[in-house]
Amino acid sequence: MQQSDVRPESMERITSEGLAKQFIDAQIEALRSQIGDSKVLLALSGGVDSSVTAALLIKAIGKTLVCVHVNHGLLRKGEPEQVIKVFRDQLGAELIYVDAVDRFLDKLAGVSEPERKRHIIGKEFIDVFAEEAAKLDGIRFLAQGTIYPDILESKDGIKAHHNVGGLPPELDFELVEPVKLLYKDEVRVVGKALGLPDSMVFRQPFPGPGLGVRCTGAITRDRLEAVRESDAILREEFAKNGLAGKVWQYFTIVPDYKSTGIRDGKRTYEWPVVLRAVNTRDAVTATVPEIPFALLQHIADRITAEVKGVNRVLFDLTPKPSATIEWE
Ligand code: XMP
């Protein structure tokens, strides 16, 4: 571990807009002197860490930052559109949008083993990103939204640090990691001070393989659409009912089996949607919060009425352990 990867004991925790602004000003100066007139590339997933990193760099170096947003088809409803709206339209970033949906889904077709799915998604992401980087001239730096827990966890051997979209080994760039000494809550305070929307700054954690691990077994486009649509309904209802900021993570899963139902007097044979909501501090263990029953019923009504191919809604009552948070 390099000395620059150690957070100094004297570093004050960033808890207010004023402290965030001081951090931003200092970083802008440091980034300008590190980067000069060179070009910087960033894989922008739309997650908190990469979004805050991008917003900082846009402030510091403007259009010499090139953001690449890869849509792998496993993002939540409205996410690619939000990335484009915020970064290209509002912040004026140089943003390359890559529609790689068919490419990912074709590679994943028929693959049911969870770790194999993860591997394909991770590898394909690096390939797409490397191809985009190869099309660009004069890139010297690669920016990453590494945060302090990533450094601590890879030092402790808890997990190998890899941001999806992280440094492809065959690409020889210098790294720029402006938020690497910050904890997650500090990254959010900085993001807010940079003017990013709350929906981006207070976004719940979202796995790199995205909805792919919530469309269990072999992913099909129609079932993936059922995951995306049911997830959007759950998020909308949690936000409307004041639960969005209170529950740590919540999403839907659509397993790859069907059950019998009835609609308009006719037999159906369709998928169930599973609702998952958990609270946790560190994702190592998790509990299931009590959700008002009337709200669960309302969400079930909406999902069975609005999501194609779904006739049943279940609520996962299981803490971690014995279950993990994700189903795959
Ligand atoms: P589990 O399912 O292991 O999840 O209880 C713990 C937390 O990690 C997230 N998660 C992932 N994040 N890539 C990620 O970037 C992954 O492959 C992955 N798998 C799980 C999960 O959403 C939860 O917040």
Side-chain angles (χ1 to χ4, degrees), residues 1-14 19-20 22-62 64-70 83 87 91 93-95 122 125-126 129-130 132-133 136 139-194 196 200-201 203 205 208:
M1 190 154 94
Q2 297 168 358
Q3 196 51 38
S4 60
D5 285 348
V6 181
R7 183 173 167 125
E9 292 216 353
S10 57
M11 189 168 156
E12 195 174 352
R13 192 97 178 189
I14 302 170
L19 291 169
Q22 280 174 28
F23 172 84
I24 292 165
D25 290 343
Q27 275 304 319
I28 287 174
E29 210 167 294
L31 287 166
R32 283 183 184 152
S33 78
Q34 182 188 2
I35 295 162
D37 298 328
S38 303
K39 273 196 187 162
V40 183
L41 187 64
L42 170 90
L44 181 60
S45 66
V48 185
D49 307 337
S50 69
S51 296
V52 172
T53 302
L56 254 178
L57 279 154
I58 291 163
K59 259 208 140 125
I61 59 165
T64 41
L65 173 72
V66 182
C67 300
V68 177
H69 179 60
V70 177
V83 168
F87 286 95
L91 299 177
E94 196 67 38
L95 174 70
F125 194 97
I126 288 176
F129 188 69
E132 290 305 316
L136 301 165
I139 303 275
R140 193 173 140 205
F141 293 96
L142 184 97
Q144 285 201 148
T146 311
I147 66 171
Y148 204 46
D150 298 331
I151 291 178
L152 297 179
E153 285 175 3
S154 49
K155 177 179 79 107
D156 295 342
I158 294 172
K159 67 174 182 195
H161 168 55
H162 77 287
N163 277 320
V164 170
L167 187 65
E170 65 275 22
L171 296 178
D172 188 22
F173 293 127
E174 284 173 54
L175 280 182
V176 177
E177 299 176 299
V179 296
K180 73 175 175 185
L181 296 183
L182 302 191
Y183 288 99
K184 193 80 172 193
D185 55 308
E186 299 180 296
V187 176
R188 294 192 207 275
V189 179
V190 170
K192 201 142 169 61
L194 284 164
L196 290 176
M200 222 166 223
V201 171
R203 192 176 181 265

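Please read all numbers here as calculations on a predicted model, not as lab measurements.
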S.K.: Got a salt bridge between Arg7 and Glu186, using NZ or NE/NH1/NH2 to carboxylate O under 4.0 Å?
M.R.: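 Between Glu186 and Arg7 there is a salt bridge, with a charged N closer than 4.0 Å to a carboxylate O.
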S.K.: Work out which heavy atom in Leu194 is nearest to a heavy atom in Ala55; give both atom names and the distance.
M.R.: CD1-CB, 3.9 Å
S.K.: From Leu95 CG over to Leu42 CG, what is the distance, rounded to the nearest 0.5 angstrom?
M.R.: 10.0 Å
S.K.: Apply side-chain contact (heavy atoms from CB on, under 4.5 Å) to residues Val189 and Phe23 and explain how you reach the verdict.
M.R.: CA-CA 11 Å; Val189 179; Phe23 172 84; over 6 Å; no
S.K.: Would you compute the distance between atom CD of Gln34 and atom CZ of Phe141 and round it to the nearest 0.5 angstrom?
M.R.: 5.0 Å
S.K.: Considering all heavy atoms of both residues, which atom of Ser45 and which atom of Gly47 are nearest to each other, and what is their separation?
M.R.: OG-N, 3.0 Å
S.K.: Nearest heavy-atom pair of Ala193 and Ala20: which atoms, and what distance?
M.R.: CB-CB, 3.7 Å
S.K.: Nearest 0.5 Å, please: how far is NZ in Lys192 from CE in Met200?
M.R.: 13.5 Å
S.K.: Between Ser38 and Thr64, is a side-chain contact (heavy atoms from CB on, under 4.5 Å) present by the stated rule, with each step listed?
M.R.: CA-CA 7 Å; Ser38 303; Thr64 41; over 6 Å; no
S.K.: Roughly how far, to the nearest 0.5 Å, is CD of Glu132 from CD1 of Ile139?
M.R.: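 Interatomic distance, Ile139 CD1 to Glu132 CD, rounded to 0.5 Å: 11.0 Å.
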S.K.: Are Pro8 and Leu181 close enough that some pair of their side-chain heavy atoms sits under 4.5 Å apart?
M.R.: yes
S.K.: Under the side chain to side chain contact (heavy atoms under 4.5 Å, CB included) test against Leu56, which residue among Val176, Leu65, Val179, Ile61 passes?
M.R.: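 When Val176, Leu65, Val179, Ile61 are each tested with Leu56, the side chain to side chain contact (heavy atoms under 4.5 Å, CB included) holds only for Val179.
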S.K.: Answer yes or no: does atom CD of Glu174 have more than 12 heavy-atom neighbours from other residues, nucleotides or ligands under 6.0 Å?
M.R.: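 Yes, enclosed.
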S.K.: Starting at CZ of Phe87, measure out to CG of Leu44 and round the result to the nearest 0.5 Å.
M.R.: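 Reported value, rounded in 0.5 Å steps: 5.0 Å.
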S.K.: Take Leu136 and Lys39, measure what side-chain contact (heavy atoms from CB on, under 4.5 Å) needs, and give me the verdict at the end.
M.R.: CA-CA 10 Å; Leu136 301 165; Lys39 273 196 187 162; 5.9 Å; no
S.K.: Where is the tightest heavy-atom contact between Gly46 and Arg203, given as atom of each residue plus distance?
M.R.: O-NE, 3.4 Å
S.K.: If you take all heavy atoms of Val201 and Gly191, which pair is closest and at what distance?
M.R.: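 Where Val201 meets Gly191 most closely, the heavy atoms are CG2-C, 3.8 Å.
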S.K.: Test side-chain contact (heavy atoms from CB on, under 4.5 Å) on Leu182 and Val52 and set out the steps.
M.R.: CA-CA 11 Å; Leu182 302 191; Val52 172; over 6 Å; no
S.K.: Looking at side-chain heavy atoms only, is the closest gap between Leu91 and Leu196 below 4.5 Å?
M.R.: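 In contact.
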S.K.: Tell me whether Asp150 is salt-bridged to Lys180, with the criterion being a basic N under 4.0 Å from an acidic carboxylate O.
M.R.: no
S.K.: So, taking the atom named CG in Leu57 and the one named CZ in Arg32, what distance separates them when rounded to the nearest 0.5 Å?
M.R.: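 Taking CG in Leu57 and CZ in Arg32, the distance rounds to 11.0 Å.
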S.K.: Could you tell me which non-hydrogen atom of Ile58 sits nearest to which non-hydrogen atom of Ala93, and how far apart they are?
M.R.: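 Nearest pair, atom of Ile58 first, then Ala93: CD1-CB, 3.5 Å.
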